[in-house]
Amino acid sequence: MLKIKHFIQESWLLIVASFAFGLLIAVASASLDARIKQNEKDKLDNLMKSLISDANDFQIAIEQAEIPGDRGRVETTDVYKALGEDGGVIGFAFVAVGAGFADKIKLVIAVDGKCEKFFGFKVLSSNETPGFGSKIKDDDPESDVDFADQFKGAPAQEFELIKTGKLEVIKKIDSQIVAISGATVSSDAVVKIFNMYTDKIREQLRQKGLIGDGK
Amino acid sequence: MANESQPTTGLYKETLLAGLWRENPVFRLLLGMCPTLAVTAAVKPALTMGLCVIFVLVCSNIIVSLMRNLLKPHLRILMFTLTIATFVTIADLFLKAFALTMSETLGPYVPLIIVNCIIICRAEACASKNGLIVSVIDALGMGVGFTLTLCVLAAIREVLATGMIFEVQVMPDAFVPWAAMGMPVGAFITLGLMLGLVNLTNKKKAKSSCHEV
Amino acid sequence: MDTLNILLMGFISIVIINNLVFTKFLGICPYLGVSGRIDMAFGMGLAVTFVVTLSGTLTWMIDNWILMKLGLEVTRYICFILVIAGAVQLVEMYMRKFFPSLYESFGIFLPLITTNCAILGLCLFINLWGINSLLEAVVLSFGAGIGFTMAICIMAGIRENLNLADVPECLKGAPITLITAGILTLAFMGFAGMIR
Amino acid sequence: MKVNVKGRFSFPGGIHPPEKKDLSREVEIQPGPAVKEVAVMLSQHIGAVCQPLNRKGDAVQAGQKIGDCDAFVSAPVHSPITGKVKEIALRSHAVLGRSSAIVIEAFSYSPTRRSYFKLKDDFDEKNYSAGQICEAVRQAGIVGMGGAGFPTRVKIEPNPQMPKETLIINGCECEPYITCDYRIMLEWTNQIIAGIKLARKASGCSQVFIAIEGNKPKAIEVMNRALESFANSDSIKVIPVKTKYPQGGERQLIKAILKKDVPTGGIPPMIGVVVLNVATAAAIAEAVISDLPLTHRVVTVTGEAVAKPGNYYVPIGTSVEDLIEFCGGVTKKSAKVLLGGPMMGIAIADLKTPITKATNAITVLTKEQIGRAKFARRQTACICCGRCLEVCPENLNPTKIAHAVKYNFLDVAESYYISACMECGCCSYVCPANIELTGYIKTGKIFLARQKKKIPG
Amino acid sequence: MILANVLELWSSVWPAGVTMLGLGSGFALVLLIASEKLKVTVDPKIEQIHEALPNLDCGACGFAGCGQYAKAVLGDPELLGKCAPGGPETSSKIADVLNLQVSDSGPQQRPIVRCRACTADKTLYAQYQGIQSCIAANALANVQACGFGCLSFGDCTRACKFDALHIVDGMTIVDYEKCTGCTACSKACPRNLIEMVPFGYENMMIVACNSKETGKSTRSICKVGCIGCGICVKQTDVFSVEDNLARIDFTRYEPNEQAETAMNKCPTKVIIYRGKTAPEPPQPGKKPVAATKA
Amino acid sequence: MLKDIRVSCSPHISERLSTRSVMIDVIIGLAPAMAAAGYYFRIHALILICTCVISSVAAEWLCNAIRKKPNSLDDFSAVVTGIILALSLPPNLPVWVAVIGSVFSIAIGKMVFGGLGANIFNPAMVGRTFLTASFGVLMTSWMVPVTIDSEIAKIDPDNKIKAVAEEGLVHARTRATPLAWSKQAIKSELGADLYSEEQFKATLTGEVGGSLGETSAIALLLGGLYLLIRRTINFHIPLAILVSAFIFGAIAYLIDSYSYVQPLYHLSSGGLLLCAFFIATDPVTAPLTRRGMWIFGIGVGMLTMLIRIVGEYPEGVMFSILLMNAVTPLIDRLCKRIPAGGKPSA
């Protein structure tokens with residue numbers, strides 16, 4: 001039989017310490033929390049701003065929008081609306097997540113106010129192979145055009161990944177995306193993320209009445 | 001060597017220096033290999049990592065040293081890890097608050113400081129047996145030794161993998177970066193060769209135990 | 001069927017493609033220390049597999065069912081490590097009592113499982129990857145353990161061979177193990193991009 | 001069991017080195033040198049060492065027993081000549097290093113050529129009982145004359161635990177150069193068959209195979225002819241086996257003929273087999289019928305460096321030096337003197353080494369041969385080509401064992417069954433890296449034996 | 001004001017503290033129960049003995065390591081004193097743990113090499129080619145003319161964990177400063193040349209020969225071999241001659257004049273000093289019979 | 001009467017065979033492939049092979065000098081490594097990359113383990129994999145054989161793709177290897193039926209883009225046959241690799257013949273033949289026992305096809321070799337030989 005007294009005797013240090021450490025962490029967290037939140041928001045804002053350069057402010061349009069991902073998973077994301085000078089909605093932006101070559105890829109994707117054209121995307125975080133997959137965010141010195149540039153102004157519909165194409169094909173803004181040579185998986189991942197989110201976001205925006213129901 | 005007229009100062013000095021070379025945690029004690037390999041693709045994260053480790057090491061050594069007489073055997077390890085985890089959490093929060101990019105680069109390797117063998121080993125080997133001052137000095141020595149090692153390794157890898165150090169180009173333009181050095185391969189092989197070099201400096205008599213023909 | 005597919009893919013992925021040792025540098029200390037002989041390595045691998053499955057499952061439960069509900073994510077690390085350290089100590093005591101010979105051969109490395117980054121690392125990665133089903137968490141944890149066992153057994157086989165070779169004196173032990181591990185990571189690159 | 005005489009009986013592994021037997025194969029057995037002094041080793045065979053029965057200065061007769069031992073696995077030694085015991089002193093022994101020997105100074109010894117043995121025409125093994133044969137064999141001090149020298153009586157004596165069924169007479173002589181068994185088979189055919197019959201009777205075996213390598217068609221023919229002319233020969237069959245080394249090894253021979261494996265670490269009687277050398281069979285006949293002890297044997301003196309290679313009938317205890325001298329000495333190119341053949345023979349440095357009952361040949365190799373052979377060339381690293389595994393007749397992994405010994409991992413060597421190695425030398429022979437595999441394995445075995453002896457528990 | 005701040009902080013902080021408290025006490029409870037229920041009664045003595053041992057894992061005791069020995073010695077006190085590197089000091093420590101009276105095991109055992117032939121002293125009939133190891137060479141008869149002397153391939157130096165043996169000019173020299181008396185060298189020597197003797201004094205007088213050949217044949221192959229002449233025996237009865245070889249009874253040996261005289265009178269100078277401060281052994285006075293080759 | 005005699009352990013005679021003669025055999029076996037490379041890539045082949053051989057030999061010499069070990073150049077193993085490495089590199093690779101590869105092969109792949117015989121991994125493949133990881137772009141820029149008119153790339157699959165895409169190429173100066181384009185074709189859903197009799201013939205003669213020595217199947221078969229006849233290699237490993245690769249290729253082809261090329265095509269293209277005859281048979285890194293060799297060969301064939309069919313890389317040979325090298329000790333342990341008389345009792 002274990003006696004309470006015995007238990008206290010043996011373990012008081014651990015109990016006291018865990019309590020104290022719990023408090024310590026909580027205090028630290030409480031004092032730093034605001035800053036951390038601000039940091040994260042700033043980063044997101046900056047990225048969104050760089051995509052939708054006309055925007056003055058970003059506000060949450062849909063909280064925790066649910067996106068059914070591949071293999072039955074559900075991803076949730078906040079959709080922000082970008083407000084222009086006049087306070088009108090000039091675009092939407094959201095964080096999109098998908099599986100990359102090595103790890104998850106997080107993108108910030110921006111579409112215009114009618115959800116017809118993309119403003120493009122920025123990489124929030126990725127862990128792609130340096131030199132290959134990391135080209136989705138870096139400039140490729142080999143080719144004359146950026147992979148990400150292909151999305152700028154592209155129509156918000158299903159993308160198709162193709163492997164080779166002349167410069168004109170890359171430069172041409174359409175739903176054909178030319179893969180980065182040697183980093184097909186990463187390119188594919190980006191295209192898949194776009195395809196996964198576009199329709200669902202548009203649907204949800206429609207439901208909320210934030211955009212018209214397509215003409 | 002300890003100066004005989006000033007035994008305590010000598011001891012402190014020796015404890016401090018031990019961590020730098022003679023008992024360098026990476027080269028000699030082979031501790032804390034995971035961050036050594038994982039965060040040394042570039043100097044900057046390596047340095048950040050090193051600083052975090054110093055912070056956690058010093059703090060946890062202080063706490064462990066203070067409560068060393070109250071420890072019960074079956075809860076000893078638990079207490080150590082608890083202490084370490086607390087300070088790692090705090091360090092992590094600080095990084096997130098004041099160096100967001102770095103925090104993202106290091107990713108899960110910051111919380112993994114908790115299981116960095118250096119810290120728990122120092123807690124076990126030094127702090128739970130020694131007084132406050134010695135523990136702190138030991139922590140500083142070990143931490144600085146660890147950081148320096150990390151930085152050296154990171155510098156080699158960063159130069160070869162990107163041609164840059166601290167994101168400043170140091171190699172001529174004609175240099176084509178060796179991407180592999182930034183990958184796991186580079187980490188393992190560079191560290192392996194460095195360990196070999198360090199072993200070479202050991203003046204241990206190489207005794208071959210095989211029957212040669 | 002779909003779930004099964006996810007589980008299978010996740011398992012293969014963590015065993016081979018995202019092997020903790022080769023791609024995430026986790027568990028290097030025991031990897032260097034206990035890979036001298038195959039039987040020891042195998043035992044260590046099994047011990048790690050057991051602990052990692054246990055703690056992966058437990059931490060997932062605590063994380064998703066308690067901490068996230070209470071909004072106490074900040075204490076995540078401290079809770080994880082508590083769970084792991086507790087689990088390891090339990091295993092250690094249990095083994096000491098019922099499998100003394102096994103306990104002897106592990107020696108110092110059993111308590112070191114606590115500080116085996118592979119275990120905490122996996123718990124963190126499960127959280128990071130946003131695994132949201134218990135079953136998947138269990139499978140991934142188990143797979144991580146198997147992956148570790150595989151890596152350490154391969155290395156032990158190689159090191160047993162290297163015992164009978166004229167390795168330069170200064171490279172014996174840890175250095176040559178690291179270099180071999182480096183080449184192994186090169187080899188495992190071949191699997192890259194197969195899944196995910 | 002039906003035996004296909006034309007079949008090529010063989011075993012897995014093995015090699016086929018150049019035979020080089022033509023140096024001495026056509027030379028008839030000749031009497032050896034007129035020795036002035038012989039040194040009879042007290043330890044001539046596997047088993048207990050004999051105790052000398054004489055003192056310094058005693059006079060001994062030819063054939064007189066001069067050393068004996070009570071142990072079961074032992075055989076007495078006899079003086080081959082009439083003379084005086086000069087001293088009991090240390091002499092070089094091919095295996096044991098310095099070992100004590102009875103040195104006998106001859107009063108007068110004239111070399112003979114089997115003058116005192118003649119097979120009687122009315123020979124019938126039924127005249128002898130099994131016990132009688134065994135005792136005669138024991139008293140004559142007969143040991144295996146093929147190489148190892150295991151006391152023959154122990155081999156042929158019926159053992160209730162291990163009933164013997166098959167007697168294999170080993171006439172393979174697979175080592176290069178050596179021809180003494182071949183000559184014995186050609187010249188003493190009848191005597192061998194008499195010996196075989198006696199051994200069959202003593203051991204109670206029901207079938208007898210005489211294994212002769214395919215490269216000795218003459219011997220096969222002679223044997224077959226002799227068998228036909230003898231009564232009671234129906235259970236005795238001559239089997240031509242494939243010409244390769246080490247076909248003459250007991251285990252390989254049994255594998256080749258009976259397709260059975262002798263358990264590792266075990267002996268042939270465990271599976272009901274006895275293997276006797278042809279020379280041993282001849283000696284048995286001599287001992288049982290004429291009551292003559294084993295005091296002489298046929299030794300092939302051969303090698304490119306010997307002036308007059310041949311097969312000689314010499315008293316046991318003759319020194320190698322005397323024998324080589326008798327064969328016209330050696331040419332200048334000589335570089336290595338071997339007791340036995342080039343595969344398993346032991347290189348000796350001290351030419352005063354006396355020959356023993358188990359010495360079947362003295363081979364003198366030339367400098368060129370040495371230079372061309374292993375270990376004179378530089379050893380390179382093992383490239384794991386696996387040739388040694390292919391030729392190993394015991395299905396071992398020689399390179400692994402050798403390297404384990406080299407780097408002092410004896411437990412690894414043991415786990416690769418170092419003890420099963422019979423040191424035939426095939427692995428060293430084929431090794432392209434010139435690694436002395438056999439040497440390492442031998443070293444490892446000695447090492448292990450010492451370790452087991454010294455460390456308690 | 002401050003109180004309000006603290007209260008506010010407290011209200012945001014307490015859940016963390018309480019959760020941790022719960023978790024901490026939960027684990028403490030589980031571990032406590034486990035440590036009680038699963039307690040293994042390890043004899044604390046084993047740990048103590050293990051601590052007392054030098055932990056070199058040299059195997060001199062005949063066990064796989066210090067841990068194994070600690071266990072064994074607890075079960076069987078007879079095994080006490082087997083730890084050579086630790087010496088009597090360790091033995092007494094272990095005895096303290098075991099509550100035993102340590103028997104005075106006498107002076108420490110140290111190895112002596114019973115051959116003093118340097119390369120020039122040795123006669124070779126032939127040139128050895130092959131594995132450079134004493135065991136391998138010894139498997140062949142007559143690698144050297146002397147079948148008893150040191151082969152100087154250094155099996156003992158390889159066996160020594162303490163770097164205490166060296167081959168100098170064909171002679172095996174023990175560095176008694178480094179030697180711990182672990183007996184590894186004496187086990188390694190295939191010719192059993194290395195004998196463990198009680199080193200009662202800093203330097204010990206030894207007969208540095210192992211040849212059991214007759215005097216005549218010893219002389220014919222080695223300048224510094226014992227010929228079994230027995231001159232030393234006449235000086236003091238510490239010496240004895242057996243199998244043509246002089247021996248010293250080390251249990252009775254003490255440095256005195258008779259022994260000194262015996263050493264000086266030895267015709268082949270085979271009686272020499274060995275030890276920490278032993279002088280260089282003298283060269284034999286008169287030229288021995290020229291070595292003959294076969 | 002006898003002076004200067006020697007003693008040594010038995011046996012006292014030996015076969016006249018040495019490591020060097022084995023290596024020279026391998027070099028002779030590689031000669032047809034080198035000749036084919038010389039024919040198709042002219043000066044590129046010469047430069048690349050010379051660079052690799054010279055730098056490999058120099059690296060080995062240097063490593064030995066540093067370790068103060070006797071020189072081991074005379075066993076020619078460094079030459080073999082250099083040649084195999086050169087043959088598995090793209091023809092127009094810059095010289096300095098080849099030097100890095102050779103040095104890495106010899107130093108990290110071989111010498112740190114203790115030199116020839118101790119290396120766990122095939123040195124040439126270690127070097128090639130390192131180069132692939134480091135200089136991905138350079139290592140996948142293929143050159144068309146000079147025998148093909150550079151204007152009309154008659155077997156270039158990009159023509160087909162072009163026909164579909166109606167446009168030119170991204171990198172007009174480089175051409176994909178047959179395997180790479182088959183992979184591309186599959187991914188861009190053009191179908192694998194681009195395969196034709198003519199192209200198969202081209203892979204046999206070697207008139208296609210690809211690594212220096214991997215293009216000509218006939219030359220490699222010729223060399224392999226020589227080694228088999230000389231008994232320098234056993235037939236087990238090559239046979240196991242080719243058969244298992246064929247079977248796996250066939251399975252994939254049968255499942256979806258639109259997406260996967262015919263199995264024979266897999267055999268004749270890429271590095272599979274070079275691997276089967278010259279790389280996987282490297283005795284140092286392959287298992288010792290027959291049973292082990294079968295397992296090893298099947299493993300290499302299987303992994304190669306797995307990587308080719310499912311994986312990211314068009315060519316899987318180097319990875320599968322390294323992977324199987326890594327498990328070779330385990331295979332050897334699994335296939336431990338039992339003495340003829342069974343395990344000794346007790």
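Every heavy atom of this structure was used, including side-chain atoms; hydrogens, water molecules and symmetry mates were not. Chain naming here is simple, since letters A, B, ... match the order of the sequence lines and numbering starts at 1 in each.
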Rounded to the nearest 0.5 angstrom, the CG-OH distance for B:D92 and C:Y77 is 3.5 Å

Within a 6.0 Å radius of atom CZ on C:F142, are there more than 12 heavy atoms belonging to other residues, nucleotides or ligands? no

Could you tell me which portion of B:I119 (side chain, backbone, both or neither) has an atom closer than 4.5 angstrom to a non-hydrogen atom of chain C? neither

CG of B:L82 to CD1 of C:I78, rounded to nearest 0.5 Å, is 4.5 Å

How far does CD1 of C:I183 sit from CD1 of B:I189, to the nearest 0.5 angstrom? 5.5 Å

So with a 6.0 Å cut-off around CZ of C:F50, is the heavy-atom count from everything else above 12? no

Please flag which part of B:Y109 lies under 4.5 Å from any non-hydrogen atom of chain C: side chain, backbone, both or neither. side chain

So CG of B:N199 and NZ of C:K172: to nearest 0.5 Å the spacing works out to 11.5 Å

Chain C contact via B:A187 - side chain, backbone, both or neither, heavy atoms under 4.5 Å: side chain

For atom CZ of B:F94, is the number of surrounding heavy atoms from other residues, nucleotides or ligands below 6.0 Å larger than 12? no

Of the non-hydrogen atoms in B:L195 and C:A174, which two are nearest, and what is the gap between them? CD1-CB, 4.1 Å

Rounding to 0.5 Å, atoms CD1 (C:I119) and CG (B:L112) come to a distance of 11.5 Å

Taking atom CD1 of B:I133 as the centre, report whether more than 12 heavy atoms of other residues, nucleotides or ligands fall under 6.0 Å from it. no

Does any heavy atom of chain B fall under 4.5 Å from the side chain of C:I179, the backbone, both, or neither of them? both

Side chain to side chain, C:F22 and B:V185, heavy atoms closer than 4.5 Å: no

Looking at the rings of B:F188 and C:F25, which for Trp means the six-membered one, are their centres under 6.0 Å apart? yes

Please report the closest heavy-atom contact between C:I81 and B:A85, naming both atoms and the distance. CG2-CB, 3.5 Å

Distance-minimising heavy-atom pair for B:G192 and C:P175: O-CB, 3.4 Å

B:L37 vs C:I28, side-chain contact (heavy atoms from CB on, under 4.5 Å): CA-CA, chis, key distance, verdict: CA-CA 9 Å; B:L37 292 165; C:I28 300 292; 3.8 Å; yes

